[in-house]
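In what follows, a single structure is set out as structure tokens and then discussed.
Order of listing sets the numbers, starting from 1, for every ligand and every atom in it.
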Amino acid sequence: MGEKGRMSRRGLLQASLLGSVLAGCSTAPVGSSFDAGPPLVPIRARTDRIFDIAVCLRPFRPAGPRVDTERLGDTLVVHNYGHGGSGWSLSWGSSARAVRMAMQASPSEVAVIGCGALGLTSAILAQRAGARVTIYAREQLPQTTSARATGEWTPDSRIALAHAAGPDFAAVWEEMARTAFKTHRDYLGLPGTPVEWIDQYAVSYESPPSVSSAPPASNAPPAMDFAAYRNRINDLTPKWRRLPADTTPFKGASVSRSEIMIFNIADYGHTLLNDFFIAGGQFRRAEFHAPWQIAALGKKVVINCTGYGARALWKDETLTPVRGQIARLIPQSDVRYGLVYRQVLAVPRRDGIVVQSFEGGEMKGYGDANETPERAEAEQAVMTLAELFSPARLA
Ligand SMILES: Cc1cc2nc3c(=O)[nH]c(=O)nc-3n(C[C@H](O)[C@H](O)[C@H](O)COP(=O)(O)OP(=O)(O)OC[C@H]3O[C@@H](n4cnc5c(N)ncnc54)[C@H](O)[C@@H]3O)c2cc1C
């Protein structure tokens, strides 16, 4: 693994695909029994506890998100879309760039198209910069793609293809990630817990692959060169550490632990919408079919945060759908840790324990625009977790 001493979700995906989440990870063992952490309450991983299965399309652009300007007659359009699997994580940083471009025109009023993570953060930052803001969108946050995300700090998940991103993009990405990270911190410790830190465990029973072993057979399409920038911000988040075997409840397993920032999407979204309305923001339901309809709003400045919708609206055919599905189990207030086990991720959000299969890695769902939920996939992921909590596996 390229990132010494760290294992991002991308790293976990890659390591898992090789047969072991711990393979090649230079984790340092923890030093004392204090590091073992609190006792873990088992996740009640039963398929009859699934109360929601949601699918959404990540708006992936090989060149990275589009944050630039365009003139439509008298209207300055600032684009802010195409964030792949990183839209929540990068939202504040990307929107800060977009709002800087918007405010160069000194508008007293700004229109934002879109009410997902990017639209709301753009709107709030434009308010903070002194503008009156109206959001125009087909859907409000609870109906958007953003509301169906996993909710983890994953700032370089499916953000660009290395060969297609411009030479300056890595530095731009880093600035966005650092700005976003700082701003998410302002939402820690608030009522409703919109943002919080959790422990995340990676559990594996598989032995690391031997050098001579053949790669696992797979029906997945060939991997693409997704850009990996995480090592530019290694200083922001803790390292993964291997735990001594007798300090974990998982009998005979290799277990590593790190800490990760998560977004409790229901409450985070609610907090952002409240902040926007309290600051005088207006929402108008509207659907646009062509850019001229946006110019016809007669606004001096418009920020375009339409996510995957920009493919049809702006004819941006570089936008590629990457289908993703999450299931939610009924929340357990005493389960406050995340898990990675056999290519299944569990995230203990306050609005439901998110369970997601990442079999197939970054290519999973690539180019697939089908938004129909697959119950069988959700059940399989939950049954995989159940295996981990079976008496045979627990110490
Ligand atoms: C399964 C899954 C898990 C994910 N997990 C994470 C994660 O853990 N962390 C992370 O950072 N990111 C994650 N993502 C990615 C993240 O969800 C997206 O990057 C993000 O939601 C994009 O936000 P957006 O505001 O650009 O788009 P959207 O949320 O899609 O919002 C677009 C807005 O524009 C409006 N709109 C679109 N077209 C039009 C039109 N023609 N007229 C009017 N309005 C229009 C829509 O109604 C909506 O209000 C995940 C994605 C998926 C699919």
Within-cut-off N or O pair, [X] and ligand 1, under 3.5 Å:
X    : answer
L57  : no
E139 : yes
A137 : no

Does a side-chain N-to-carboxylate-O contact under 4.0 Å join [X] and [Y]?
X    : Y    : value
D351 : R328 : yes
E371 : R323 : no
R46  : E379 : no
D275 : R128 : no

Does only the side chain of [X] get under 4.0 Å from ligand 1, or the backbone, or both, or neither? Count heavy atoms.
X    : answer
P155 : neither
S157 : neither
T306 : both

Rounded distance (nearest 0.5 Å) linking atom CZ of R148 with atom CG of D52: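 Interatomic distance, R148 CZ to D52 CG, rounded to 0.5 Å: 10.0 Å.
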
S91 side, atom OG; L120 side, atom CG - distance, nearest 0.5 Å: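 Reported value, rounded in 0.5 Å steps: 9.5 Å.
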
Could you tell me, atom by atom, which parts of ligand 1 come under 4.0 Å of a heavy atom of [X]?
X    : result
C115 : 33 (C), 48 (C), 49 (O)
C56  : 2 (C), 51 (C), 52 (C), 53 (C)
C305 : 32 (C), 33 (C), 34 (O)
W88  : 10 (C), 11 (O), 12 (N)
S146 : 20 (C), 21 (O), 22 (C), 23 (O), 24 (P), 25 (O), 28 (P), 29 (O)
E287 : 42 (N), 43 (C)
T144 : 29 (O), 48 (C), 49 (O)

4.5 Å side-chain heavy-atom contact, R71 and L76: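 A side-chain contact under 4.5 Å exists here.
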
Which residues share a ring-ring contact (aromatic ring centres under 6.0 Å, His included) with F181, sequence neighbours left out: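 Partners of F181 under the ring-ring contact (aromatic ring centres under 6.0 Å, His included) test: W153.
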
Pair E196-R336, salt bridge (charged side-chain N to carboxylate O under 4.0 Å, His left out): steps then yes or no: CA-CA 10 Å; E196 66 184 314; R336 303 291 350 122; 3.0 Å; yes

4.0 Å heavy-atom contact, F288 with ligand 1: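 Contact present.
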
